[in-house]
There are 2 protein chains.
Amino acid sequence: MSTAASRRRPATIHDVAREAGVSRGTVSRVLNGGHYVSPTAKAAVDAAIRRTGYVVNRHARSLITGKSDSVAFLLTEPQERFFEDPNFNVLLRACTQALAAQDIPLLLMIAGTEDERRRNLRYIEAGHVDGVLLVSSHSGDPVVARLHEAGVPVVACGKPLGQTAKIGYVAADDRDGARDMVRHLYASGRRRIATVTGPLDTPGGVERLAGYRETLAECGLPADETLIAPGDYSRASGEDAARALLERAPDIDAVFVASDLMAQGALDAFARAGRRVPEDIAVGGFDDSPAALSTRPSLTTIRQPWDRISTEMVRTLLARIAGEEPAAVILPTELVRRESA
Amino acid sequence: MSTAASRRRPATIHDVAREAGVSRGTVSRVLNGGHYVSPTAKAAVDAAIRRTGYVVNRHARSLITGKSDSVAFLLTEPQERFFEDPNFNVLLRACTQALAAQDIPLLLMIAGTEDERRRNLRYIEAGHVDGVLLVSSHSGDPVVARLHEAGVPVVACGKPLGQTAKIGYVAADDRDGARDMVRHLYASGRRRIATVTGPLDTPGGVERLAGYRETLAECGLPADETLIAPGDYSRASGEDAARALLERAPDIDAVFVASDLMAQGALDAFARAGRRVPEDIAVGGFDDSPAALSTRPSLTTIRQPWDRISTEMVRTLLARIAGEEPAAVILPTELVRRESA
DNA sequence: TTCTCTACTGTGAACGCTCACAGATGCATG
DNA sequence: CATGCATCTGTGAGCGTTCACAGTAGAGAA
């Protein structure tokens, strides 16, 4: 029976050593880089490993090394915002794969409720993972401080706001992306450019608004607070904000909306108000989410390099675990021109 | 320094025993259910645990018990289909949380490429996880057989197709959901009811089509193969299929589309063809994805109980790990009436 | 009283691995 | 020829836990 066969006690390093005619120590050395091992011994061990189907017991290894060779992907969102965000999927997938390439499993942790937060922190602080990939958008997240205090290597996705602790992070250049979009709107002849912001307790929200302001100034357009409407990244808030803008400033000819989801809502609002896009009002989004392709007109937007963000997060975290100091990595964005602007 | 403090060697069971004035054995017993422990001893141990901040070292425990107290969430999709599926997010999140409630971490594994498949199987077969939550839609997936052969407890999401092995699974009642929808279309007076199917190498695709066929027969409508157009769950395929249907059978007055994403595409196709929904053609979707709310008209669809599917998957897997035989769990769906039908 | 049974407690031995160290070998150097 | 050094190898100890077992105390039965 194959079931019975695979159920028998798996080979240990001892079995391999006996099979290869060497000592445990030599096998262990082969397993860990092969330094100070003669070619003959290494060959014998490799063959023995193949014959016995040996796979290292990570628990035994971890017990003595004190490392777990695993990493947590920690989501500290009270809302389910992130799970609805298509970018989040890309991030999670790419991180998983980047880690898998180094044979490091990813533990998915969700700390929505206070109870989950306690549980997960306990787990992490107990040293059951070597490091944490942190996705926490909101300002002053206590988890960030706790992890830092516990001395656990952390790399955040996006600059953690309201933190005194020095935390490494990887982020897209939100400000520069916003600049690109607003410059693009300006270049196409628009002069009354409004914006719908993201939540201003998130780095993206803050930075994109800053980029918008800077570019208006740079282009010599007057700063006009009535052209700024707050949103919370949700579709509905985009719709509301767009309506509010139309009311306050009916003469706008362009809107930079800080997320595609909100831009979708804005497109609807404009359609209902009888404004044509892009003829009457140009609309620029942010994220290049799949939805940006299915709107009518399709959405001109800013692409964030999620694949690179993920690989950089993993790289930075592993470096951090290896003892390097925390670092910030900012990656460039890209303007994607479609029909809406 | 708090950093220094938290960096010092964590408390072991030994420290707790000394602090509580008992032996290791007694502490261990308290940790594992507290049987055969006097109330006084238990109180002393609990207090000592609190004072020392002791957290069990899972590696040491696993080393001797042979169990890892962790579970893999394995995705074997060549395509990135699942990561674009909003349902997948719900599934992953709910599974994570259901497991977290039992203090069992979830390891996310993606086996898209052959290399990833090998790596992950090696990891799982080495006994590094106690069980696997499997998401694998396509027929005859070799991973399913491998896992079964290795004797690893597995629970699949959706009935695994083309498997001789007896695998436990949890699924929504796709067939019954399809029946509900078609009955609903019939009840609203439609008599030329077409369907856009899902991929027919997935359980959902097969079952939903079967439900469609059964209900037509039940209602005394003729079986007409020209009313059946294949899709692959993608938005584009829904659009194509709807266009093909219009050409082959211009007189259709309703379409049951096997997924919301495809239904979105179909709505577009109908809009372009100048057909009004629901006046000329009623459209029913499947999934109740977030997108179903943002279409115009909003989409009548079938809701799958993803929360329950997730908790049942976890419950079933834990039971399986505890030694129970594999079981199939089928959960009821629900018709969600909106504007499109 | 003596025996048995139950409830509880402590102890040594694992689990499979890495690490530090000691020992061995070969080769170049003084 | 002795010495040093680099390369390679084996051994014992120990990581923190659970498990099996031996042992103790107290209650109840004979």
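Remark: B:T26 is in phosphate contact with C:dG10, judged by side-chain N or O atoms under 4.0 Å from OP1 or OP2.
Comment: B:K166 does not engage B:E325 in a salt bridge, judged by the lack of any side-chain N to carboxylate O separation of less than 4.0 angstrom. Using a cutoff of 4.0 Å between basic side-chain nitrogens and carboxylate oxygens, A:D103 and B:R119 are scored as salt-bridged. Salt bridge annotation for B:K42-B:D46: present, with a cationic side-chain nitrogen under 4.0 angstrom from a carboxylate oxygen.
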Please determine whether side-chain contact (heavy atoms from CB on, under 4.5 Å) holds for the pair A:L134 and A:L74, giving the CA-CA distance in whole Å, both sets of side-chain angles, and the decisive distance to 0.1 Å.
CA-CA 5 Å; A:L134 184 67; A:L74 178 61; 3.8 Å; yes
If you apply the rule salt bridge (charged side-chain N to carboxylate O under 4.0 Å, His left out), what do you find for B:R146 with B:E149, and how did you get there?
CA-CA 5 Å; B:R146 278 282 294 275; B:E149 212 170 303; over 6 Å; no
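Across every non-hydrogen atom of B:Y123 and A:P105, the tightest pair is OH-CG, 3.4 Å. Nearest heavy-atom pair, B:S62 versus B:S68, reported as atom, atom and distance to 0.1 Å: OG-CA, 3.6 Å. B:I309 and B:A171 make their closest contact through CD1-C, 4.5 Å (heavy atoms, listed as atom of the first residue, atom of the second, distance).
With hydrogens and angles ignored, the 3.5 Å screen pairs no side-chain donor or acceptor of B:D130 with any backbone N or O of B:V71. Using modelled atom types, no side-chain atom of B:T26 and backbone atom of B:V22 make a donor-acceptor pair closer than 3.5 Å.
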Pairs under 3.5 angstrom, nitrogen or oxygen only, protein versus nucleotides 22-27 of chain C, please.
none

Please list each protein N or O that sits under 3.5 Å from an N or O in nucleotides 14-20 of chain D, with the distance.
| from | atom 1 | to | atom 2 | distance (Å) |
| --- | --- | --- | --- | --- |
| D:dT17 | OP1 | B:Y54 | OH | 2.5 |
| D:dT17 | OP1 | B:N57 | N | 3.1 |
| D:dT17 | OP2 | B:I13 | N | 2.4 |
| D:dT18 | OP1 | B:N32 | ND2 | 3.2 |
| D:dT18 | OP1 | B:R61 | NE | 2.9 |
| D:dT18 | OP1 | B:R61 | NH2 | 3.1 |
| D:dT18 | OP2 | B:S28 | OG | 2.8 |
| D:dT18 | O4 | B:R24 | NH2 | 2.7 |

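The distance between atom NZ of A:K67 and atom P of C:dG16, rounded to the nearest whole Å, is 23 Å. Remark: C1' of D:dT7 and OH of A:Y36 are 7 Å apart, rounded to the nearest angstrom.
End-to-end axis angle for the helix from C:dT1-D:dA30 to C:dG30-D:dC1, using five pairs per end and rounding to 10°, comes out at 60°.
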